[in-house]
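Single-structure report; data block below.
These values consider heavy atoms only, across backbone and side chains, with no hydrogens, waters or symmetry-generated copies. We name chains A, B, ... by the order of the sequence lines, and we start the count at 1 in each one. What you are looking at is a predicted structure, and each value in this text was computed from that prediction instead of being measured.
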Number of protein chains: 2
Amino acid sequence: MSEVQLKDALDALKSTGVRITPQRHAILEYMIHSTMHPTADDIYRALEKTFPNMSVATVYNNLRVFRKAGLVKELTYGDSSSRFDFVTHDHYHIICNDCGKIVDFHYPGLDEVEHLASHVTGFQVDYHRLEIYGTCQDCIGKTAKAQ
Amino acid sequence: MSEVQLKDALDALKSTGVRITPQRHAILEYMIHSTMHPTADDIYRALEKTFPNMSVATVYNNLRVFRKAGLVKELTYGDSSSRFDFVTHDHYHIICNDCGKIVDFHYPGLDEVEHLASHVTGFQVDYHRLEIYGTCQDCIGKTAKAQ
DNA sequence: ACACTATTTATAACGATTACAATGTAAGAA
DNA sequence: TTCTTACATTGTAATCGTTATAAATAGTGT
């Protein structure tokens with residue numbers, strides 16, 4: 001399943017003339033297997049055992065390459081650093097205000113909102129972003145215990 | 001109209017024991033009257049004629065005070081710096097990918113999405129954020145001319 | 001093997017934001 | 001009023017995420 005995703009991603013990259021280096025392979029693999037939405041630093045730290053000489057810049061460079069290839073989305077939420085999301089199907093995110101965890105969920109597209117917005121503002125609409133904020137079950141449990 | 005908003009905001013601050021300094025008054029006033037969604041630096045530069053000695057830190061400090069008081073929302077979108085939005089009614093934003101302009105628009109709440117998300121993920125939902133991205137009429141005109 | 005280009009690395013630079021210490025200012029008590 | 005205390009502002013240094021740069025390295029095609 002995720003093997004297929006990885007292969008597809010690598011093929012997509014190759015077809016646009018991007019070389020598959022060991023670092024790129026590892027970053028992609030990590031992103032696909034990680035269910036969280038890692039920051040650049042998460043990725044860097046996860047791979048520094050395998051690539052002791054890898055630079056943070058490499059992570060950023062390649063995340064940008066992947067973003068331009070449409071393989072990865074950059075999520076800029078409230079916290080200081082961006083999180084990166086391997087693009088699979090269209091989905092939305094629900095975010096825990098306590099621990100920062102991001103969980104995917106699916107919902108039929110909000111085309112109607114896009115149309116209305118376009119009509120009211122005269123914008124030519126490209127896409128939208130929707131996030132829901134709250135507290136995850138783990139953190140609900142934790143604060144319940146703490147009290 | 002916006003005078004009322006300003007007065008309400010000042011009253012709200014006073015009631016929580018926050019002092020109304022000239023700088024705070026000016027920042028609030030600027031935010032209420034500005035239809036854009038200024039960055040901290042926008043505010044700083046707009047007020048440096050009136051307050052030549054004001055520090056950037058003061059702007060940040062007070063934006064944080066306002067945010068904690070619920071008067072102001074911080075919008076962290078793709079670009080490097082946060083934008084700040086005086087809270088009036090609930091509304092959504094449509095953002096121009098060319099020039100960064102942010103325009104408000106209204107849409108009945110997306111309660112149904114919140115419920116579904118809560119049900120699927122087990123989160124306790126607090127609120128959500130929705131933004132639409134596209135190109136504003138000005139920028140459509142500009143690129144049309146340039147070609 | 002050679003030349004050419006893409007990639008990585010290491011490090012410096014940058015920009016937004018925050019922390020800190022010193023100074024200033026307002027409000028209440030004596 | 002004057003003193004005291006707590007809160008605000010200022011200026012500057014520090015921090016953190018990210019990007020730019022230049023040198024070193026590795027692939028690719030000839």
Side-chain angles (χ1 to χ4, degrees), chain A residues 9-10 12-30 37-69 71-85 100, chain B residues 9-10 12-30 37-69 71-85 100:
Chain A
L10 293 173
L13 279 178
K14 262 185 219 154
S15 73
T16 64
V18 173
R19 278 184 204 156
I20 309 302
T21 64
Q23 293 90 334
R24 285 186 178 153
H25 192 285
I27 295 174
L28 267 184
E29 195 172 19
Y30 178 79
H37 302 253
T39 63
D41 199 58
D42 290 337
I43 300 172
Y44 175 66
R45 285 208 306 270
L47 299 182
E48 70 183 346
K49 291 134 205 161
T50 329
F51 297 90
N53 294 325
M54 188 171 64
S55 155
V56 218
T58 302
V59 176
Y60 279 104
N61 286 341
N62 289 328
L63 286 172
R64 184 164 39 183
V65 169
F66 298 157
R67 177 158 51 78
K68 283 189 184 164
L71 292 174
V72 155
K73 259 192 198 159
E74 183 173 358
L75 313 174
T76 55
Y77 299 138
D79 30 5
S80 43
S81 49
S82 289
R83 293 171 173 275
F84 295 85
D85 185 16
Chain B
L10 293 174
L13 279 179
K14 262 186 220 155
S15 74
T16 63
V18 173
R19 277 186 204 154
I20 309 303
T21 65
Q23 292 89 335
R24 285 186 178 154
H25 193 283
I27 295 173
L28 267 184
E29 194 171 18
Y30 178 78
H37 301 254
T39 63
D41 198 57
D42 289 337
I43 300 172
Y44 175 65
R45 285 208 306 270
L47 298 183
E48 70 184 346
K49 291 134 204 160
T50 329
F51 297 89
N53 293 325
M54 187 171 65
S55 157
V56 218
T58 302
V59 177
Y60 279 103
N61 286 341
N62 289 327
L63 285 172
R64 184 165 38 183
V65 169
F66 299 159
R67 178 160 49 80
K68 283 189 183 162
L71 291 174
V72 154
K73 260 191 199 162
E74 183 173 358
L75 313 173
T76 54
Y77 300 137
D79 30 7
S80 44
S81 48
S82 289
R83 293 172 173 274
F84 294 85
D85 185 17

- Write down the distance between CD1 (A/Ile20) and P (C/dT5), rounded to a whole number of angstrom. 21 Å
- Checking D/dT10, C/dA6, D/dT9 against the side chain of B/Ala57 (C-beta onward), the nearest is D/dT10
- Which nucleotide, D/dT18, C/dA10, D/dA8, lies nearest any side-chain atom of A/Ser55? C/dA10
- Provide, to the nearest angstrom, the distance between the CE atom belonging to A/Met54 and the P atom belonging to C/dT8. 10 Å
- Task: Would you kindly give the CZ-to-P distance between B/Phe51 and C/dG24, to the nearest whole Å?
- Result: 18 Å
- Query: Looking across every strand, which nucleic acid part, if any, lies under 4.0 Å from A/Thr39 by heavy atom: base, sugar-phosphate, or nothing?
  - Reply: nothing
- Query: To the nearest Å, how far apart are A/Leu13 CG and C/dA6 P?
  - Reply: 16 Å
- Which nucleotide in the set C/dA19, C/dT8, C/dA26 lies at the smallest distance from any side-chain heavy atom of B/Arg64? C/dA19
- Taking all heavy atoms of B/Ala26 and all of B/Phe51, pick out the closest pair and write down the distance. CB-CE1, 3.5 Å
- Could you check how far CD of A/Glu48 sits from C1' of C/dA10, rounded to whole Å? 15 Å
- 4.5 Å side-chain heavy-atom contact, A/Thr39 and A/Tyr44: no
- Item | Value in whole Å for how far the C1' atom of C/dA22 lies from CG of B/Asn53 | 15 Å
- Atom pair distance, as rounded to whole Å: CG in B/Leu63 and C1' in D/dA8: 15 Å
- Okay, side chain of A/Arg24, backbone of A/Asn62: is any donor-acceptor separation there less than 3.5 Å? no
- Message: Assuming nearest nucleotide by heavy-atom distance, tell me which of B/Arg83 and B/Pro22 is located more 5' along DNA chain C.
- Response: B/Arg83
- Message: Does B/Thr58 reach a base, just sugar-phosphate, or nothing at all? Heavy atoms under 4.0 Å.
- Response: base
- Message: If the cut-off is 4.0 Å, is B/Arg19 near the phosphate of C/dA27, judged by side-chain N/O to OP1 or OP2?
- Response: no
- Item | From B/Thr21, B/Leu47, B/Asn61, residue fulfilling side chain to side chain contact (heavy atoms under 4.5 Å, CB included) relative to B/Ile27 | B/Leu47
- Side-chain atoms of A/Gln23 come closest, of C/dT9, D/dT10, D/dT18, to C/dT9
- Task: Only one of B/Arg67, B/Lys68, B/Arg64, B/Arg83 passes salt bridge (Lys or Arg N to Asp or Glu O under 4.0 Å) with B/Glu74; say which it is.
- Result: B/Arg67
- Respond yes when some side-chain nitrogen or oxygen of B/Ser82 is under 4.0 Å from OP1 or OP2 of C/dT17, and no when none is. yes
- Message: Can you identify which nucleotide, out of C/dT9, C/dT7, D/dC7, has its nearest atom closest to the A/Asn61 side chain?
- Response: C/dT9
- Query: Are B/Tyr60 and C/dT17 close enough that a side-chain N or O sits under 4.0 Å from OP1 or OP2?
  - Reply: yes
- Query: Rounded to the nearest Å, what distance is computed from the NZ atom of residue A/Lys14 to the P atom of nucleotide D/dG27?
  - Reply: 14 Å
